[in-house]
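Proteins get letters first, then strands, A, B, ... in listed order; numbering begins at 1 in each. The model shown is predicted, which means the values in this text are computed figures rather than measured ones.
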Number of protein chains: 2
Amino acid sequence: MADGEAVGVVGGGARRGRPGHDQETVLRVAVDLFNRQGYDGTSMGDLARELGLTKSAIYHHVPSKEHLLELAVGEALDALTTALDDVAGRPGLTAEERLRHAVRSSVTVLVEHLPAVTLLLRVHGNTPVEQAALARRREVDRRLAAMVRDAVDEGGVRDDLDPLLVSRLVFGMVNSLTEWVRRDRGTSGSSGTDAAALADAVSTLAFDGLTRGVRRAEQTPTGPTTGPTTG
Amino acid sequence: MADGEAVGVVGGGARRGRPGHDQETVLRVAVDLFNRQGYDGTSMGDLARELGLTKSAIYHHVPSKEHLLELAVGEALDALTTALDDVAGRPGLTAEERLRHAVRSSVTVLVEHLPAVTLLLRVHGNTPVEQAALARRREVDRRLAAMVRDAVDEGGVRDDLDPLLVSRLVFGMVNSLTEWVRRDRGTSGSSGTDAAALADAVSTLAFDGLTRGVRRAEQTPTGPTTGPTTG
DNA sequence: CCTACCGATCGGTAGG
DNA sequence: CCTACCGATCGGTAGG
């Protein structure tokens, strides 16, 4: 990936005569570039060079640059929305437990869809496509804020700080993972372990803080180690 | 600021015959645009329109678009570095107290230099100027991580989580403030109150977590309400 | 000669 | 999937 080298295309082993670019490959390489250089800072020429083909050839696979953005942010928003639906659909959980699940699910989704979520979090709203993405993202934020409010009302979460502020800070911390988490080299589809450990750490820090000493036993939610998103 | 309206230039009251654009005004308007649309997503034509003058006239005040970026990220990095120097220069503080000050200082600097810090946090490294900014930013991150390690070694901060991870999460939470904090309308130079309240909230959440009940008296550091940066 | 700009256009490159 | 291009716009500069 270093110098002027075009990326290997088919992940597996045997490579066909033609490079075999499909939309998924173009999308993956494009999103990586968008995240490295910024969406506006990435030209279709950059993408062509990275793919090892001409600019025009890209348009055989995708109709426009912005469609690539749309696909990626759609993936991220679908995953986040589904995760929240899962949490909301659990019967018999307290509001605090649902919030804990939401934090863990957010981390898991972020790690499993890292490039897409990273791109989503950097959208500016410069075009209708970006504005639509921001609208869906605000809806996710609203649902997360509501879960914090519910947990405060229920009594499990501190009420000396504004719930909206708490929601912004906690999920701001979660979202900041995109700044440094790296994708695991894609042996296959197993990214679960790292994500779970990270989710634990984030959850611990968010709920218990970084001050030493006050550790609590009721840290683990009802569903113990099974991931709330994929489960 | 809504439609095609050019921004008011001289903040005060009496306006001179000529618009009186100086470099500072150009910089302020430019950084606001960069943060709204992205640096690469903002053309010098956009900036000219917002300033109410021609593109060419901008180059009477600034040598290039990138110089505007350089000035802004320099302001942010200088402020962050100075704040860390201040904290490091305090004698007789425990490592935990220094860390608390660092968290509060970071919030204060972020609020007081909000546009500059926001821009800094979005730099990609596409040019030598951006790469230099990233290098300075990494140095700041290293110093913050070292403060967390010291606090862990000292015993005041939990040691069941990786100090580097804790540092990233806590200052990721701090940095996420740029996503939603709005500058106060600039009556004069008084932005202290809001920043202090926000610093309190962030510090409380970071050190004590959001779980109800375990509130601690030793929350306030040695220097109680005087801001560590400006003091 | 200075300042604070303007209308027009430069050489290159963007997405398509 | 390429060569050959387009309308437009990019950051920056010309003379006045």
- Task: Could you tell me whether the side chains of A:Thr82 and A:Asp85 share a donor-acceptor contact shorter than 3.5 Å?
- Result: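 Absent: no donor and acceptor within the cut-off.
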- Lys NZ or Arg CZ of A:Arg100 over A:Phe207 ring: under 6.0 Å, within 45°: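 A:Arg100 over A:Phe207 ring: yes.
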[X]/[Y] ion pair, N-O < 4.0 Å:
X        : Y        : result
A:Arg36  : A:Asp46  : no
B:Arg183 : B:Asp194 : no
B:Asp22  : B:Arg28  : no

- Query: Could you spell out the base pairing of DNA chain C in dot-bracket, with Watson-Crick or G-U pairs whose two distances are under 3.5 Å, [ ] crossing and | to another strand?
  - Reply: .....|.|.|..|.||
Any idea which of [options] is nearest the [X] side chain?
X       : options               : result
A:Lys65 : C:dT3, D:dC1, C:dG15  : C:dG15
B:Ser43 : D:dC10, C:dG15, C:dC5 : D:dC10
A:Ser56 : D:dA4, D:dG12, D:dT13 : D:dA4
B:Leu53 : C:dC6, C:dA4, D:dC1   : C:dC6
B:Ser64 : D:dG12, C:dC6, D:dC10 : D:dG12

- Task: Looking only at non-hydrogen atoms, find the nearest pair between B:Val109 and B:Val117 and report the distance.
- Result: O-CG2, 4.2 Å
Rounded to the nearest Å, what distance is computed from the [atom1] atom of residue [X] to the [atom2] atom of nucleotide [N]?
X       : N      : atom1 : atom2 : value
A:Leu47 : C:dT13 : CG    : P     : 18 Å
B:Lys55 : C:dC10 : NZ    : P     : 13 Å
A:Tyr59 : D:dT3  : OH    : P     : 17 Å
B:Glu66 : D:dG11 : CD    : C1'   : 11 Å
A:His61 : D:dC2  : NE2   : C1'   : 12 Å
B:Met44 : C:dC5  : CE    : P     : 15 Å
A:Arg49 : C:dT13 : CZ    : C1'   : 13 Å
A:Ile58 : D:dC2  : CD1   : P     : 10 Å

- Separation of the C1' atoms in D:dG12 and C:dA8, to the nearest angstrom: 13 Å
- Query: CG of B:Asn35 to NE2 of A:His124: how many Å apart, nearest 0.5 Å?
  - Reply: 8.0 Å
- Task: Tell me whether the OP1 or OP2 atom of C:dC6 has a side-chain N or O from B:Thr54 closer than 4.0 Å.
- Result: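 For B:Thr54, the contact criterion (side-chain N or O under 4.0 Å from OP1 or OP2 of C:dC6) is met.
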